[in-house]
Amino acid sequence: MINKITIEKFRKIETPFYYYDLDILRSTLDVVKKESDNSGYKVHYAVKANSNPGILKIISSYGFGADCVSFNEINAAIIAGFNPSEIVFAGVGKTDKDINAALKAGIFCFNCESIPEIEVIDQLAAKQEKTAQIALRINPYIEAHTHKYITTGIEESKFGINTWELDNVIKKLSDFKSIRLIGIHFHIGSQITRMSVFKSLCARINELQLWFSTHNINLEILNVGGGLGIDYENPDNDPDFHEYFSLLNEFIDLVPGQELHIEPGRSIIGQCGSLISKVLFIKNGSNTIFAIIDAGMTDLIRPALYQAHHKIENLTSSGNIYRYDVVGPVCESSDTFAKYIELPETVRGDIIAIRSAGAYGEAMASRYNLRDLPKSVFSDDI
Ligand SMILES: *Cc1c(COP(=O)(O)O)cnc(C)c1O
């Protein structure tokens, strides 16, 4: 809920902008902290979900680690106060430049997605006279039941090492003098709302863990990745971290001394952010009414890219309900936030909130059409 006082303040701020309710962020982080302290699981915040420096600073202050997919993210995380020794580095296409910089920064672990990548990390680490800690990102072949663009753990996904390659990987391990294998890593997709998917993942991890132990490989770390979904229909609902942690606790078989790591992104930052926009024009179509707003797909690409649904609210009208197509100004038909949704009568100048936009919103903004990047506003500052 965005309260009346805040809405009045919005009137004085140039739109569009991201609004972050830091009370919501902090209460989410409090829950995650409590659950991780109770379980002993290590949290690495997935920086790609939202790398706004102010947001990173708040998250790092909770003592969590970071999960990064480029050296620029690693650098942003370090600047925001994350400890390099608690940063993991994922991605199918790590460049030599990024690997070298990450080695230099002394990150905790490279989550490796192919044998050729491990070979390169080994060579580059040798040159720096360092030992790189790695985890194998394994493709567990689990259907995440989410949008196909954010499903990553099925066969012929570009992500992860296939299980039929594992024999080969461990055969080669002894050749790699500058690599130390510390664990296995998974990430099967994002916006996963069926808890049963995580249960299947746990079962698969237990099987794989057994396979490694029969090959006399001791895994210090199991990293289950991120993916916990949020309720886009009900932006005021928080993700159920308690259920998630309890499920992991119940279904993953940790051996003594082994650490469990998670990499939540969306579930931490999603619900605290809204994209705030003003209505520019109301335009009649043949069968619909268009509410043309000043935010576009360059500010929030999820609806255009993933057919994602975000709840849209008119914060300044309480008139009769009509149906609208809410669209942006960008020269693409996919620049549509929602079709045929109910809103109170909407006029030029009304303030619109696109809710649940904290994750993969600002972080994915672009300058297409040479539009300005969206600004961010924190609840503490207004
Ligand atoms: C994107 C990503 C995450 C975070 O996913 P969420 O769905 O935002 O929780 C975690 N780990 C890896 C490797 C990722 O690529």
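All values derive from a computational prediction rather than experimental measurement. Both counts, for ligands and for their atoms, begin at 1 and track the order of listing.
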Candidate list D294, T15, D350, test side-chain hydrogen bond (donor to acceptor under 3.5 Å, both in side chains), partner S277, passing option: D294
Check: D67 N/O within less than 3.5 Å of ligand 1 N/O: yes
K130 atom NZ: more than 12 heavy-atom contacts under 6.0 Å: yes
Contact with ligand 1 for A359, non-hydrogen, under 4.0 angstrom: no
Top protein contact for atom 2 (C) of ligand 1, by heavy-atom distance: K48 NZ, 2.3 Å
Taking atom 7 (O) of ligand 1 as the reference point, the nearest protein heavy atom with its distance: S190 OG, 2.3 Å
Contact (N/O only, under 3.5 Å) between G225 and ligand 1: no
Y244 and F198 aromatic centres sub-6.0 Å: yes
Contact check, H185 vs ligand 1, heavy-atom distance below 4.0 Å: yes
Candidate pair F10 and Y19, rule ring pair (Phe, Tyr, Trp, His ring centres under 6.0 Å), full reasoning: CA-CA 9 Å; F10 284 173; Y19 172 70; 4.9 Å; yes
Heavy-atom nearest neighbour in the protein, as seen from atom 13 (C) of ligand 1, with distance rounded to 0.1 Å: E263 OE1, 3.5 Å
Protein contact to atom 8 (O) of ligand 1 [nearest heavy atom, distance to 0.1 Å]: Y360 OH, 2.5 Å
Closest protein heavy atom (residue, atom, distance) for atom 5 (O) of ligand 1: H187 CE1, 3.3 Å
Flag for E263-H187: side-chain donor and acceptor within less than 3.5 Å: no
Near-ring test Y232/H310, centroid separation under 6.0 angstrom: yes
Evaluation steps, side-chain hydrogen bond (donor to acceptor under 3.5 Å, both in side chains), between T6 and N3: CA-CA 5 Å; T6 307; N3 66 39; 2.6 Å; yes
Contact check, F159 vs ligand 1, heavy-atom distance below 4.0 Å: no
Polar proximity ligand 1 side, S267 side, N/O cut 3.5 Å exclusive: no
Ring-face cation contact, Y360 with K48, 6.0 Å cut, 45° max: no
Sub-3.5 Å N/O-N/O distance, G189 and ligand 1: no
